[in-house]
Amino acid sequence: MKILGIESSCDETAAAVVEDGRKLLSSVVASQIDIHAVYGGVVPEIASRAHTEAICGVVESALAEASLTMDDIDAIAVTNAPGLIGALLTGLSFAKGLAFATGKPLVPVHHIRGHVAANYLVHEDLKPPFVSLVVSGGHTSLMRVNDYTEYSLIGCARDDAAGEAFDKCARVLGLPYPGGAAMDRLASVGDKNKYKFKAGSVDGAEYDFTFSGLKTAVINMVHQETTQRGRVMDEEFKADVAASFTEALIKTINTRLELLLKTEGAMNIVLAGGVAANSHLRSAVAETAERFGAKLYLPPLKLCGDNAAMIASQGYFEYLKGVRGDTDLNAFATKSV
Ligand code: KG4
Ligand code: ZN
C-alpha cells in the first residue's frame with residue numbers, strides 16, 4: 001500500500017511516498033530556513049505563505065521521484081497537529097483538496113507520532129511496545145508507545161523544548177537560525193566543564209522537563225561576560241558555552257531515562273526529533289542504554305528533522321487502524337499524543 005505523506009507544521013514543506021509504512025520511495029523537503037534566518041526564528045505568517053507557494057511543486061516532485069502518479073497512491077496522510085496553526089492549515093487544506101479530487105482516503109497524523117515513525121523506515125525489526133524520547137524544536141516528550149497508534153505520555157517539557165533552548169542559546173552566541181547543528185559542532189571542541197549550567201526539575205513530576213531556566217542562565221551569563229565585562233565572543237568562548245549548555249541539557253534527559261530504566265528494567269528505546277541529530281545526545285543516550293542493557297534505536301540524520309516520510313509511515317499504521325479524515329477535518333496547534 002502506497003501512502004503520500006504531506007507535512008507543513010513548521011518551516012519545512014514536505015511530501016513523500018512510503019510503501020507499507022516501512023519502504024521509503026521518495027522524500028522531498030523544501031526548507032524555509034533561509035527565509036526565517038533573517039528574523040532569527042520562524043515567523044508564522046511568512047511560513048504559511050511559503051508553504052502555499054511550495055506545496056504543489058513539492059508534492060509533484062515527491063511523486064516524480066518515486067516514478068508514480070496519483071493513480072498509484074492508495075491514501076493521503078497529512079500532519080494536522082500539533083504545530084503552527086496557519087502552517088498546518090496550508091498542508092491540511094491541500095491534502096483535503098487532493099483527497100476530495102482524487103477520491104483517495106485522507107488520514108490525519110500527529111506530528112510527534114510521525115517523528116517516532118521515522119525509525120520504522122530504517123529499523124525493520126522495530127515494533128511496539130517501546131519507550132520513545134522525541135526531542136525537537138517544539139517538543140521534548142518521553143512516551144510509551146504501546147502499539148503503533150496507542151501512546152501514553154510519561155513526561156514532557158513544561159516550557160521551552162530542547163531544540164528551542166538550543167536555538168536561543170545559539171542566537172545569543174551570534175550563530176544563524178536554527179543553531180542546533182552549529183552548537184553541536186562547537187560543543188565538540190569546547191570544554192563541557194567550563195561553565196556550571198543546570199536544567200531545573202518539576203516538583204512532583206520527575207519525568208517532566210524544564211529548559212527555560214537553563215536557556216536564561218546561558219543568555220544571562222553570555223551577556224554578563226560580553227556586554228558587561230567586555231569579553232570578546234571568540235570561538236573558544238562560544239565552544240565552551242555550547243559544550244557546557246549541551247552537557248546540562250543531556251544530563252537532564254539522561255537522568256529521566258536512567259530513572260525509567262532503573263524503575264522498569266531494560267526495554268527498547270527509540271530516539272526521534274530534530275535534536276536527535278545531536279552527536280553528543282546520541283552517544284550519551286547510547287551509553288546509558290548500554291549500561292542498562294536496553295536496546296536503542298536511532299533515526300538516521302536525514303530523518304531526524306521534519307519530513308513527510310515519517311508522516312506517510314505513521315499514516316500507514318493509522319490507516320490500518322481505521323483512522324480517517326473527512327472534509328471537515330481540522331488542524332490543531334496543540335494536541336496530546
Ligand atoms: O524536529 P524538528 O525539525 O522540528 C520540530 O518539530 O520542532 O527540529 C528542529 C530543531 C531545531 O531546534 C534545530 O536547532 C534542532 O532541531 N537541531 C539540533 C541539531 N540539528 C537540528 N539540535 C541540536 N543538535 C543538532 N545536531
Ligand atoms: Zn518536528
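Bear in mind that the values here come from a model prediction, so they are computed numbers and not experimental data. Remember, it's 1-based here, ligands and their atoms both numbered in the order they're listed.
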Residues Glu164 and Lys215 bridged, charged N to O under 4.0 Å: no

Looking only at protein heavy atoms, what sits closest to atom 15 (C) of ligand 1 is Val275 CG2, 3.9 Å

With a 4.0 Å cut-off on heavy atoms, is Ala181 in contact with ligand 1? yes

For Gly163, atoms of ligand 1 separated by under 4.0 Å from a heavy atom: 12 (O)

Numbered in order shown, the ligand 1 atoms found under 4.0 Å of a heavy atom of His111 are 6 (O)

Just which atoms of ligand 1 are under 4.0 Å from any heavy atom in Pro178? 14 (O)

Going by heavy-atom distance to atom 21 (C) of ligand 1, choose the closest among Gly83, Gly180, Gly274. Gly274

Taking only residues two or more places apart in sequence, or in another chain, which ones meet Tyr151 in a ring-ring contact (aromatic ring centres under 6.0 Å, His included)? none

Ligand-residue contact atoms, ligand 1 with Gly305, heavy atoms, under 4.0 Å: 3 (O)

Can you confirm whether Lys194 is buried at NZ, in the sense that more than 12 heavy atoms of other residues, nucleotides or ligands lie under 6.0 Å from that atom? no

Can you pull out the closest protein heavy atom to atom 14 (O) of ligand 1? Residue, atom name and distance to 0.1 Å, please. Asp167 OD1, 2.6 Å

Examine Cys10 and say whether one of its N/O/S atoms is closer to the Zn ion (ligand 2) than 2.8 Å. no

Closest heavy-atom pair and its distance - Ser313, Gly21: OG-O, 2.7 Å

Minimal non-hydrogen separation, Glu206 against Arg256, with atom names: O-CG, 3.3 Å

Let me see the working for Phe245 and Tyr195 under ring-ring contact (aromatic ring centres under 6.0 Å, His included), right down to the final yes or no. CA-CA 8 Å; Phe245 161 79; Tyr195 303 103; over 10 Å; no

Under 3.5 Å donor-acceptor, Asp191 side chain and Asn193 backbone: yes

With the Zn ion (ligand 2) as the reference point, give the N/O/S atom of Asp306 that is nearest. OD1

If you scan protein heavy atoms around atom 9 (C) of ligand 1, the nearest is Gly137 N, 3.7 Å

Of all heavy-atom pairs linking Leu303 and Ala118, the shortest is O-CB, 3.6 Å

Does His139 bring an N, O or S atom to under 2.8 Å of the Zn ion (ligand 2)? no

Ligand 1-proximal atoms of Asp306, by part, heavy-atom distance under 4.0 Å: both

Heavy-atom contacts under 4.0 Å between Met183 and ligand 1: side chain, backbone, both, or neither? neither

Which residue pairs pass the salt bridge (Lys or Arg N to Asp or Glu O under 4.0 Å) test when at least one of the two sits in residues 139-158, sequence neighbours left out? Arg144-Glu264, Arg158-Asp208

Sub-3.5 Å N/O-N/O distance, Gly138 and ligand 1: yes

So which protein heavy atom does atom 26 (N) of ligand 1 come closest to, and at what separation? Asp184 OD2, 3.0 Å

Give me the residue, atom name and distance of the protein heavy atom closest to atom 24 (N) of ligand 1. Asn278 ND2, 2.9 Å

Lys238 with Glu235: basic N within carboxylate O range, under 4.0 Å: yes

Report the relative orientation of the aromatic rings in His111 and His115; use parallel for angles under 30°, tilted for 30 to 60°, perpendicular for over 60°. perpendicular

In ligand 1, the atoms that come under 4.0 Å of a heavy atom of His115 are 1 (O), 6 (O)

